[in-house]
Each structure stands twice: as structure tokens, then as C-alpha cells.
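What follows is one structure encoded as C-alpha cells, with my remarks underneath.
Below, chain A is the first sequence line, B the second, and so on; all start at residue 1.
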Amino acid sequence: MRRSSFAIFHVMAVIVILVGLLTGPRLGIINHDFLTFLSPLLPQGALLSVHVLFGCLLTLIAIVFTVATIRTPFHGAPSKFDKAVNYFGYLVIVLSIVTGWLLWLNPESLSLVIHGLSATAIFLYLVLHGIKHTVFKGKQVLSVLLPRNALILLSCSIALVYFCGLGIKLIVAEQHLRLEVAPLSRQSHLEIDGKGDEPEWLRAKPIKLTTFGGANFLDGSSEVEIKALSNHDETFFLIRWQDPSESLEHLPLEKTSDGWQVQENGFYRFDERTYYEDKFAIMLSTTCELGGDGTVQYGDAPLAGKPHNWHGKGYHASTDGRTRDLWHWKALRTNDMYLADDNFFGPPQSVALGQRRYTAGYQPDGKESGAYVMNWRWYSPNEVTPKRMPIPSPDITERKVLDWFASETYNPQQDMAKIGEQLPSVLYRSNRFEGDRADVRARGEWHDGYWTLELVRKHQTHSPLDVELRSGVCMWVSAFDHAQIAHTRHHRAIQLRYML
Amino acid sequence: MTVASRLILSLAIATVAISYLLFSAPEREIPTHARFIKVTNDMQFLSVWQGPWHCVYDKKLNLLWEVKRDDESIHDGYWSYSWYDGQFGHADQGDCYFEASHCDSQDLIRKTNQASLCGSAEWRLPTPDELRSLIQTPNSPGKPHIASDFFPHIKNGDYWSSEAGVSLPKSFKREKLGATAVNFQSAETLSLPYENAAFVMLVATPSTPLSLAQSRVEPVTLN
Ligand code: HEM
Ligand code: HEM
């Protein structure tokens, strides 16, 4: 290979790798708090698709370079040290490419770990290789970095971007997991009871996928199995996922020597990962793009003119003006209502200055009356005053939610609770959501390391905040193991195909 | 440049970059609202994320607004009232727990003045204009048309104004006259019979100029 051809490969690889090194750690902050110190340097926004596009460019460059090298090798590196460093570089680049694609195709925690490590190694390689050459060769490096023939460079880049765009369109945007929705006769009756033991479920073909990157679970990942059935009116889903523990606590209150305190480990940053209930979310959309259909906005302030978030990880919001439907089942707050909270991801909402947490596009569908409220007058990390106490209170530690009619107004004079005693922080005002927010019926049961969740919704609710269920609609799932926002994820969309 | 000076230069650049990263932790500034300030019962101003607060000082209209609560006190947002001023209207047709009989707007005014909420004993029903000035598009679907971050526990329902003696639409057959209310769900103004149970949010003109009041230095709590 001639030096001028090598220079073209080299400069393209440098640019692509630099973009990978800038966008990758931004994705990595989702799981690794220690990376947040890099945040001021990193780009923000819907970066997953950018990262994958550049990952794809790197893959193409690597393939073409390998073929060209096999035909006519380039002899550039003069010293043994340079050679060793370069082989190390090639190895870790290949490793990042392989694990990068695995993360899209069939994610596992191990791929994520190796991908992260190989990215660190690429960075080290860049430092060793780049600094060494700059320090020893000075201005001469520019002759390698800047190819003489800009026209060839430009045409190569355009061709690469074109093929990658095409590749992504054909592979990433088309190769969805397919979920066949088996037909259900009008006579069949499925109980929404979290058991899924009706014989009809045996006819539904399951799909299995690994979701990864959540807090807790086993290594942060959970295997999910999904089945679907539909009649003319409604679609039923039966979902089973791994979760080693049944968690039914939601920021319980504990009596301390300083008064009642919220048990928390991250709630102040709206990223509670200990004292929370298990949850499960399903997102539905008529499009099937990467990055949670473009709703994941990475970074501490990814939306221009909108506030910073408190955990530095990101927001959910659409930037195309459309809404994605979101069903949010909560093991403590909604399970006993036999409902999932009907939410949506829409365009970023306007800012309410008096609210410390801004949730961008993540919002509940309208609700008429508050079903549950928090059992504290005002949240403070130091001390809170409960709104209500159970009547009478011998076994308050047993209760996870407090019913309005099983409780009375809190009176500090009559507070006989001993230090260490706990009090539920979820107070049911009524036992149902009303209106749009109550469209999704759901019930889950935990047994032997698995949650089984049954859900049902009408195909068409006529609410502008819901997505109609029909063939072609894409679906994503996320499991939460006693975590507020740190849920598992998967990047390949699941596409529904109705057999009816 | 020699190899040594290039090495030193690279190290210097790396040091600058690392110190930038380490020292540029984002400063989170607490915003201020152009119109509303949270005020505690003992007349302390709070920043937008502090609480609990019991009144809102409205800089634009120089008014204090009663803030509804979820604590079963007289200010609880769930209580409703019939329109009554001690002479006109219809007494005791609303729903609340703090009166032995049912409630009317005069009951809330009397109790609030007795307690000197936020330092004022001149609480009254707002005029329709005052009430309407609070209307704003909600930032979430289904929420009332008001700044819920400053005025929590406001329902998607009717709120009484002070304007009475207005004629009622024909659909009310028995009654001819009633009072004006603002509905925060539809953002519309309407007239309702006095005996109707509607919500109430009181208002007072502050006696001392509140803009001179000291804001509390120590944050109470951040939410
Ligand atoms: C220059 C090469 C690359 C670098 C430096 C790089 C860097 C990174 C880093 C640091 C992360 C975060 C890892 C973590 O959370 O621990 C990441 C995530 C990811 N990378 Fe790469 N990457 C590269 C190439 C690729 C390639 C070729 C692909 C293939 C499509 C790819 C796809 C992904 C995906 C899908 C994720 C997201 C996983 C998640 O949701 O956490 N990357 N990358
Ligand atoms: C690449 C994939 C994804 C990433 C990196 C991601 C990341 C995040 C982050 C950073 C938050 C916190 C936002 C905030 O504080 O407002 C969040 C919240 C949330 N995400 Fe995701 N997300 C992804 C995909 C999904 C998908 C596909 C679903 C639905 C199936 C989903 C469901 C949720 C829900 C329900 C919340 C709100 C939790 C709460 O505050 O109650 N996410 N996600």
C-alpha cells in the first residue's frame, strides 16, 4: 500500500475513533457514575444513533483496510515498540467493533464490560501512539495526518458515509425482533392475574431477549420472555423476567432520633437504587429507530434551553413532535389497582420553575384524581412530617401502602412510634386512576426469581397520547429492580405482527 | 522545537485539560420566578425549590395568595364551599371536616383571618380578574390551568370569586342569581348558584410591603 493511501485510511480512522471516544463515554455515564467527570468534554443529545453510525464507519474502514493490507501490506512502523503498539491498537479496535455489534444484536453484560474496556484501551493506544509520534516527529506527523489529495479523501468519506447509511437502514433499522400476536377467540377469557396459566397462552409463540445495563439484577441484566394474544378488540401481553428479589418498598419512612426520615439512596438526585419497588416499562411507537426510537437524550443538559437533570444521565423526550406510548407498571403503587400507569414520552414539556425535577418528555397521561400520594407533607433529606398514620398501629411495619380509610391524620403528640419503626410512604387516596391514565390493566406476581406480568389494552383508545396496537408497531421493554430510573435496556426493537 | 520541549508542551496541555474537567463541576443555580414568591406562614420568603410554603406573594398584583394543602387543615385543597358572605348567598353547603355543620366561603375566611395566615387578617375572595390572572396553560396533559408548582392541590374544578348577584344561565331553573367562578380545568369563567359546592382560594393585600421582607438565608429544604 502506498503512503498516500495509508494516509487516507489513517485520517478517516482517527476522526471516526475520536467521535467514538467522545460519544461512547457519554453512553457509558448511564451505567458508570465515575465517568461523569468527563461530562464537560462530551457531546449531548440523542447520541446512540451517532455512535452506531460512527461504529459502522469504523467497521467499514477496518474491513477495507484489512482487505487492502492483505493484498499489499504497508510497511510503515520503523521500531519494534511502534509495531507492538500498533498491534495492540488493531486488537482493541477489532474488539470494540465485535462487542459494539453484539450490544446491538444480542446484548449481554459481558459485551458491555469488554466494549467499555476496549474503549479505554483505544484511548490508551491513542495516547501512546499519538503523543509518541507528536513528541518525536513534531510537525512531520502532519504529513501523515493530512493526506495530500483532499479530493480522494472527500470521495472516500462520502462513499463510506453512504454505504454506512445504507447499511444502517437495511440492517439496524429493519432487523427487528418479531413478536407474533396469536389470535384469540371471542369466547376465550383471560384473567389478568399475573399467572398466565390459561391454555390459550400455550398457543402464543414467545420471544426471548436479554435486557442489560440496569441497576441491581444479576450483573444488571435480565432475561425477558414476551408472548402476545389478541382478539378483535384488545391485545394481551404475558411477560416474564428475571428478578432475584421481590421488592415492594417505596422510600419507606423510618423513625430516627431526629424524627421521621425517608429511607433513600439516591432519591435526592431522583436516581434511587435501593429503597424502591420493582417496575416494568413498555414503550410503543409507530417507528422503530435506534436509541429508544430517538427518545433517549443523553447528558446532563441535552435539551437546549431546558434545565439540567440531577443525575447527569439524560432525559426521555422526542424531538420529532410525536409521542411514544409508555406503560409503566409499578409493583407497589399500581399492582394492587390492577393497572399500569399510562404514561408517554413526548416533546420536552415547558419548565415549571418551582419543581426541582424536570422530566422533559416523560409525563403521565392526564388524570382526574390523584390515586396515590406520598405520605409526607414536604420532602426533605433530613426529616419529614408524615401525613397519616395507620389506625391502630401495632403492625405498621407489615404494611407497604397506607389506605386512606385505614389511617388517621398524623399528630406529633400522639406519635408513639419507636426508633427504627417504619411507615409506608405511599398513601392511597382512591384505589384507581381515572380517565386516560387507566387504559392499561395489569397484574404481576413474583415467584422464584421471576416476575410474571399480564397486561391488556384496547387496540384503539382514541387518546392522542396512546399508540394504536396493530401490525408494524414497535415495542421496547425495560425492567427496574428496586430502582427509580436505572432500568435495563435493549437496542433492537420488537415489532408486532398480528396473525388475526 | 526539541523533543523535550514538545514533551513538556504535551504534558502542559494534558494538565490544563484535566484541571478543566476537575474544576468545571456544573454550578446549579436556583432560578427565580418572574411573578411568584413562596412565603411561609411566618412571612419568610423561600427560593423556588424550598418548602413547605403557605402563601404565594404575587409581585405583579401585589397580592398574597392562600396556598392549598393536602394536610386536612382548613387549607386542605379537597374542601369545597358554598358562596356566602355572612348576609348574601347560601350558608353551609360545601364539604369540609373542620366545621360541625357544612362549610361556606365565609367559614374559611373567618378561620384564616383568625389564624392570621402569613401575617394577614384581611383574607377575602379574589375578584374574577384576580382569579383569571392565574390562568396559564398546564405543562402536562390533564393538569389544571395554573402554575401547579406554586399552587399545588388546585383541582380541575370551579373556584369562587367575590363577584355576586350575577344572573345565572337558564339551565338553572330554581335560582336566578349566583356568583362568578373560574374553572381551572377549562380556564373559563362561569356563574354558579350560591349553594353550589365549589373550591376556594383566598387572597389578601399584604399590609407591610412584602418586597422589603428578608428572604431566609438557610435553605429550609430542597425538593
Ligand atoms: C472507536 C470505537 C469505539 C469506541 C471508543 C466506543 C466506545 C463506547 C463506550 C465507552 C461505550 C459505553 C460503554 C459502557 O457503558 O460501559 C459504548 C457503548 C456502545 N457502543 Fe461503542 N465504541 C466504539 C465502537 C463501537 C462500534 C463499532 C459499535 C457498533 C455498532 C458500537 C456500539 C455501541 C453501542 C450499541 C453502545 C451502547 C451500549 C449501551 O446502551 O450502553 N460502538 N461505546
Ligand atoms: C437506550 C435506551 C435507554 C436509555 C439509555 C434510557 C435512559 C434513561 C434515563 C437516563 C432516564 C432518567 C430520565 C429522567 O430522570 O427523567 C430514564 C427514565 C425512564 N426510562 Fe429510559 N432509557 C432507555 C430506553 C427506555 C425504554 C425503551 C423505555 C420503555 C420501555 C424506558 C423507560 C423509562 C421510564 C419509564 C423512565 C422513567 C422512570 C421514572 O422516573 O419513573 N427507557 N431512562
Parallel, tilted or perpendicular: which one describes the rings of W83(B) and W160(B), with boundaries at 30° and 60°? perpendicular
Return the option, out of A17(B), S140(B), S5(B), with the maximum number of heavy-atom pairs under 4.5 Å with chain A. S140(B)
V127(A), part contacting chain B, at a heavy-atom distance under 4.5 Å: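 Neither part, no heavy atoms under 4.5 Å.
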If one checks every heavy atom of F344(A) against chain B at 4.5 Å, the contacting part turns out to be side chain
Before we go on, tell me: are the rings of W79(B) and Y97(B) under 6.0 Å apart, centre to centre? yes
Is the distance from the ring center of F184(B) to that of F199(B) below 6.0 Å? no
Between D58(B) and R35(B), is the closest basic N to carboxylate O distance under 4.0 Å? yes
For chain B, which of I131(A), L38(A), L353(A) has the most heavy-atom pairs under 4.5 Å? L353(A)
Side chain / backbone / both / neither for [X] at chain A, heavy atoms under 4.5 Å:
X	answer
S10(B)	side chain
T32(B)	backbone
K38(B)	side chain

CG on L64(B) to SG on C118(B), rounded to 0.5 Å: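 Rounded to the nearest 0.5 Å, the SG-CG separation comes out at 6.0 Å.
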